[in-house]
Number of protein chains: 2
Amino acid sequence: MSKRAAPEARRAELIAATARVLATRGAAGASVRVIAAAAGVSPGLVTHHFGGVERLVEATYDHVAARVGEALEAAVTTAGESPRERLAAYLDASFAPPIADPALLATWIAFWSLAQGGAAMQASHAHHYAGYRARLEVLLGEVGVAAERRHLAAVGLTALVDGLWLELCLSPGVFTAADARAVVAGYVAAV
Amino acid sequence: MSKRAAPEARRAELIAATARVLATRGAAGASVRVIAAAAGVSPGLVTHHFGGVERLVEATYDHVAARVGEALEAAVTTAGESPRERLAAYLDASFAPPIADPALLATWIAFWSLAQGGAAMQASHAHHYAGYRARLEVLLGEVGVAAERRHLAAVGLTALVDGLWLELCLSPGVFTAADARAVVAGYVAAV
DNA sequence: GTGGTTGTTGCACGAGCGTATAACAAGGGC
DNA sequence: GCCCTTGTTATACGCTCGTGCAACAACCAC
């Protein structure tokens with residue numbers, strides 16, 4: 001039996017275990033029993049702390065999305081002052097660890113497949129992508145892209161990065177992370 | 001009880017039913033009993049004709065991928081003679097029915113989530129995408145793109161179209177199919 | 001018409017699923 | 001030191017899952 005823990009700590013452990021299970025076993029393996037075993041606790045705790053598996057997966061989605069956002073923001077921060085470099089850092093971060101990770105793709109696919117009927121998670125997804133695009137529009141503005149062109153440029157860049165990231169994780173070998181960065185750089189230059 | 005049918009006809013019915021179930025219920029709902037009910041037959045038939053659910057889903061994947069390829073090719077054929085128009089038709093077809101369909105996205109996500117551990121389906125996926133890229137490289141060559149630049153251009157275009165298609169289906173409303181076509185046209189012009 | 005091949009059904013089996021619930025135990029307030 | 005709150009476990013229930021199997025029935029060869 002696991003020692004008694006503070007609710008927030010236990011919730012964090014369960015979320016971490018869920019992310020681990022989603023990455024390794026996919027959506028199909030994300031059962032209460034498997035997650036609880038991964039966290040080293042009893043299955044009943046999931047119901048106790050989250051009221052159901054669905055709610056736990058939603059919480060995990062928010063947590064993973066937040067960590068991805070943090071990783072992107074960290075890349076921008078360490079990039080320095082140049083607006084051009086900051087934009088490039090934000091985009092290129094998607095092709096390097098910890099984002100370009102097959103395990104993260106597995107997690108994301110699991111979310112998508114579980115989001116099919118869940119309004120809460122669809123809203124979460126829309127919010128997360130809107131945030132990504134909004135940050136991108138700011139960075140595009142800082143490099144001098146006209147305000148009326150920023151939206152479409154952000155849409156295109158988001159799609160391009162997403163598509164490249166997807167294929168990079170799904171079938172590595174077709175092209176490299178360096179190729180992806182070059183493609184994105186070409187697109188940015190064209191904007 | 002269903003009338004006796006030729007094996008190929010019954011197999012085709014089961015594949016169609018599987019595609020219908022994947023689109024409406026997602027990967028989680030693709031059980032033998034649900035699929036058989038959708039096809040109006042007994043659950044045992046799945047085992048009899050395909051030897052298991054996994055094999056049936058793989059066959060459905062191949063079928064859906066082939067139909068997508070046909071739809072893209074049909075768009076090229078009806079586009080006429082101009083290489084530029086043929087390329088545009090091939091790319092834009094991804095943003096119009098029957099490809100830009102949330103049900104098809106649901107099917108694809110289901111495949112991805114089921115492909116996590118299946119070598120056969122990963123190979124099928126790689127083959128399908130390689131075909132898409134190869135067709136794209138031919139069309140790019142016909143509009144005069146230099147041979148050594150075709151590969152990276154095809155990689156970028158594939159990713160861009162994929163990303164736009166994904167977001168178009170996931171959260172329609174953020175941008176329109178016309179926006180997607182404009183973004184792709186801009187990318188093509190830059191190449 | 002008759003026999004054999006085979007598509008088709010219905011059922012049984014074991015396993016895993018999510019969740020509710022009662023008993024247990026750990027820790028804090030007094 | 002005692003009690004009460006509450007985190008935690010173990011168990012039980014009803015459900016769905018995939019699959020194997022024996023019986024049934026439709027069609028074809030002859």
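Below, chains carry the letters A, B, ... as their sequence lines are ordered, and counting in each starts from 1. Not measured: the values here are computed from a predicted model.
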Task: Residue-phosphate contact under 4.0 Å: B:R10 side-chain N/O, C:dG7 OP1/OP2 - done: no
- [ ] Could you check how far CG of A:L14 sits from P of D:dG7, rounded to whole Å?
- [x] 13 Å
Open item on the list: If the condition is ring-ring contact (aromatic ring centres under 6.0 Å, His included), which residues does B:Y187 pass it with, not counting sequence neighbours?
Closed with: A:Y187
Open item on the list: Output the rounded distance in Å from CZ (A:R11) to P (D:dT6).
Closed with: 16 Å
Open item on the list: Can you list everything that forms a side chain to side chain contact (heavy atoms under 4.5 Å, CB included) with A:H63? Sequence neighbours excluded, please.
Closed with: A:I15, A:R67
- [ ] Check ring-ring contact (aromatic ring centres under 6.0 Å, His included) between A:F95 and all other residues, then give those that pass, not counting sequence neighbours.
- [x] none
Give each protein N/O atom lying under 3.5 Å from an N/O atom of nucleotides 18-21 of chain D, with the pair distance.
residue, atom, partner, partner atom, Å
D:dG18, OP2, B:V32, N, 2.7
D:dG18, N7, B:R33, NH1, 2.6
D:dG18, N7, B:R33, NH2, 3.4
D:dG18, O6, B:R33, NH2, 2.7
D:dT19, OP2, B:V53, N, 3.4

TODO: Only counting residues at least two apart or in another chain, list the ones meeting salt bridge (charged side-chain N to carboxylate O under 4.0 Å, His left out) with B:R181.
DONE: none
Task: Interatomic distance, A:L45 CG vs D:dT6 P [rounded to whole Å] - done: 16 Å
Open item on the list: Just N and O in the side chain of A:H48: are any of them under 4.0 Å from OP1 or OP2 of D:dT8?
Closed with: no
- [ ] Indicate, with a heavy-atom threshold strictly under 4.0 Å, whether A:A5 touches base, sugar-phosphate, or nothing.
- [x] sugar-phosphate
Task: A:R25: partners by salt bridge (charged side-chain N to carboxylate O under 4.0 Å, His left out), with sequence neighbours left out - done: none
Open item on the list: Rounded to whole Å, please give me the gap between CZ in A:F50 and P in D:dG7.
Closed with: 13 Å
